[in-house]
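Some notes on the structure that comes next.
Proteins come first, then strands; the chains are lettered A, B, ... in the order of their sequence lines, and each starts at number 1. This structure is a prediction, so every number in the text was calculated from the model and none was measured.
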Number of protein chains: 2
Amino acid sequence: MPRPSQAHEKRKKLLPIVARAFAELGYRRATTAELARRCEVRENILYRLWPNKKAMFVASIDYVYEQAAGTWQGILSEPDDHNSAAVRLLEHEAEHYGESGLQRIIFAGLSETDEPEIREALRKMYGRFHRFIREQVVAHRNGTEHSALPDETVAAWAIIGLGNLANIGRELGLFTNRGRKRIFGDAGRLLLDGQGG
Amino acid sequence: MPRPSQAHEKRKKLLPIVARAFAELGYRRATTAELARRCEVRENILYRLWPNKKAMFVASIDYVYEQAAGTWQGILSEPDDHNSAAVRLLEHEAEHYGESGLQRIIFAGLSETDEPEIREALRKMYGRFHRFIREQVVAHRNGTEHSALPDETVAAWAIIGLGNLANIGRELGLFTNRGRKRIFGDAGRLLLDGQGG
DNA sequence: ACTATTCGTAAGCGTGTACCTACAATATGG
DNA sequence: CCATATTGTAGGTACACGCTTACGAATAGT
């Protein structure tokens with residue numbers, strides 16, 4: 001019988017490298033030759049793991065979500081420090097959001113939204129992010145009356161908006177670490193439960 | 001004496017076309033050949049108006065701000081309908097934000113932030129946006145006490161974050177028109193003066 | 001009319017690109 | 001050990017890219 005395929009393992013091993021290349025270079029400049037160079041393989045074998053460059057990119061988008069989800073699960077399972085999970089997540093993002101630089105892939109993808117597969121991958125990713133955050137907002141507010149606040153769906157989207165902006169800010173050097181923390185802290189908290197300033 | 005140069009006028013005439021091409025295609029796919037085709041001139045002429053492709057892109061970024069600023073000035077100079085300028089701007093953006101599609105240029109630019117000139121152009125643009133919005137927030141809140149709200153700087157950045165997200169949402173079809181309006185209306189208003197839900 | 005300058009057209013140079021083919025080396029289960 | 005499949009290597013194709021050069025035609029002030 002034939003030699004067993006290790007394609008799955010190899011994909012898992014190379015995907016982080018590929019994703020980082022897309023994040024640093026954007027879609028077009030991350031040429032297949034450059035991807036192969038960074039992976040220390042020939043272009044050829046990338047094409048055996050994925051059918052084409054677009055598929056490598058879509059896989060990288062999924063990887064971004066999985067990375068974030070992993071980090072967040074870690075925070076959720078930490079012992080409580082008399083703060084809700086939502087508040088702890090907000091604090092963590094205020095401190096570390098965009099640190100990995102991986103989210104730059106999203107900007108690259110947004111320049112390629114006329115490719116249906118890429119658009120779909122981004123849609124799915126944002127959908128998953130939103131669902132996760134919304135759940136945390138609901139859990140945080142549970143029961144308590146917040147008549148003057150936007151509902152959980154809106155609040156979750158707005159918090160995602162803060163995240164995007166934090167990313168852009170980090171990319172362009174728009175604000176200091178302290179500034180970014182205040183944006184997440186003050187505006188994020190305001191959206192969460194009205195404790196704004 | 002020589003024939004007087006009409007470069008300035010020509011630049012002004014072609015820039016909207018160039019900017020739209022960058023918005024629709026992104027930086028790399030908006031090839032100089034394609035830009036020339038849309039402008040109905042030869043590539044050559046573009047290279048007489050701008051030194052290189054990067055300069056065409058930077059000019060397009062500036063154009064995005066000028067377009068928005070023009071629209072906003074129009075709204076500010078409208079007669080008052082017993083709403084503050086800030087509220088009227090928020091309502092206008094809730095209705096029309098991202099309609100032109102020009103803001104896609106920003107995503108394209110964010111994938112090219114390792115080019116210092118492009119990074120600088122984006123920085124400048126965000127800085128101008130923030131200054132403008134912050135002024136409106138200050139004017140809206142003037143004097144009244146809002147102890148539980150984020151300060152004007154933070155609020156203005158957060159509102160910009162809402163705008164970015166609205167753009168992404170429009171691009172990916174993440175939410176309906178009504179949804180987008182609620183994000184601008186509810187979250188935006190909350191950041192502005194605490195009248196959230 | 002002269003002339004300096006701009007304008008429009010055409011062609012092409014060097015490089016980079018996604019993707020493919022052909023083939024030898026390797027490793028596995030029977 | 002052998003047949004079968006998977007690996008790694010080398011090379012190449014067809015095309016698109018940013019940018020440049022060359023040159024004749026048009027146009028304005030003097």
Gap between atoms [atom1] and [atom2], on [X] and [N] respectively (whole Å):
| X | N | atom1 | atom2 | answer |
| --- | --- | --- | --- | --- |
| B:R48 | D:dA22 | CZ | P | 13 Å |
| B:W50 | D:dT20 | CH2 | P | 16 Å |
| B:E34 | D:dG18 | CD | P | 11 Å |
| B:L46 | C:dC7 | CG | C1' | 14 Å |
| A:K13 | D:dG8 | NZ | C1' | 13 Å |
| A:H8 | D:dT6 | NE2 | P | 16 Å |
| B:L49 | C:dC7 | CG | C1' | 11 Å |
| A:K10 | C:dA27 | NZ | C1' | 14 Å |

Min side-chain heavy-atom separation [X]-[Y] under 4.5 Å:
| X | Y | result |
| --- | --- | --- |
| A:L162 | A:L191 | yes |
| A:I160 | A:W157 | yes |
| B:I118 | B:V58 | yes |

> Taking everything shown except A:E99 itself, do over 12 heavy atoms lie less than 6.0 Å from its CD?
Replying inline: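 Atom CD in A:E99 is packed in, count exceeds 12.
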Report each atom pair, protein N/O against N/O of nucleotides 14-19 of chain C, whose distance is under 3.5 angstrom.
| unit_1 | atom_1 | unit_2 | atom_2 | d |
| --- | --- | --- | --- | --- |
| C:dA18 | OP1 | A:K53 | NZ | 2.7 |
| C:dA18 | OP2 | A:T32 | N | 2.8 |
| C:dA18 | OP2 | A:T32 | OG1 | 3.1 |
| C:dC19 | OP2 | A:Y47 | OH | 2.5 |
| C:dC19 | OP2 | A:K53 | N | 3.2 |
| C:dC19 | O5' | A:Y47 | OH | 3.4 |
| C:dC19 | N4 | A:E43 | OE1 | 3.2 |
| C:dC19 | N4 | A:E43 | OE2 | 3.4 |

> Among pairs that include at least one residue of residues 15-41 of chain B, which meet ring-ring contact (aromatic ring centres under 6.0 Å, His included), considering only residues two or more places apart or in two chains?
Replying inline: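 Counting only pairs at least two positions apart or across chains, the ring-ring contact (aromatic ring centres under 6.0 Å, His included) contacts touching residues 15-41 of chain B are B:F22-B:Y27, B:F22-B:F57, B:Y27-B:F57.
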>> Check the phosphate of D:dA10 against A:R42, side-chain N and O only, distance under 4.0 Å to OP1 or OP2. Yes or no?
In response: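 A:R42 to D:dA10 OP1/OP2: side-chain N or O found under 4.0 Å.
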>> I'd like to know if A:N44 reaches the base of D:dT7 with its side chain such that a donor and an acceptor end up less than 3.5 angstrom apart.
In response: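 Counting by modelled atom types and ignoring angles, no donor-acceptor contact under 3.5 Å is found here.
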>> Does this structure show an ion pair linking A:D114 with B:R29, if we count only N-O contacts that are shorter than 4.0 Å?
In response: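 Judged by the 4.0 Å cut-off on N to carboxylate O distance, A:D114 and B:R29 do form a salt bridge.
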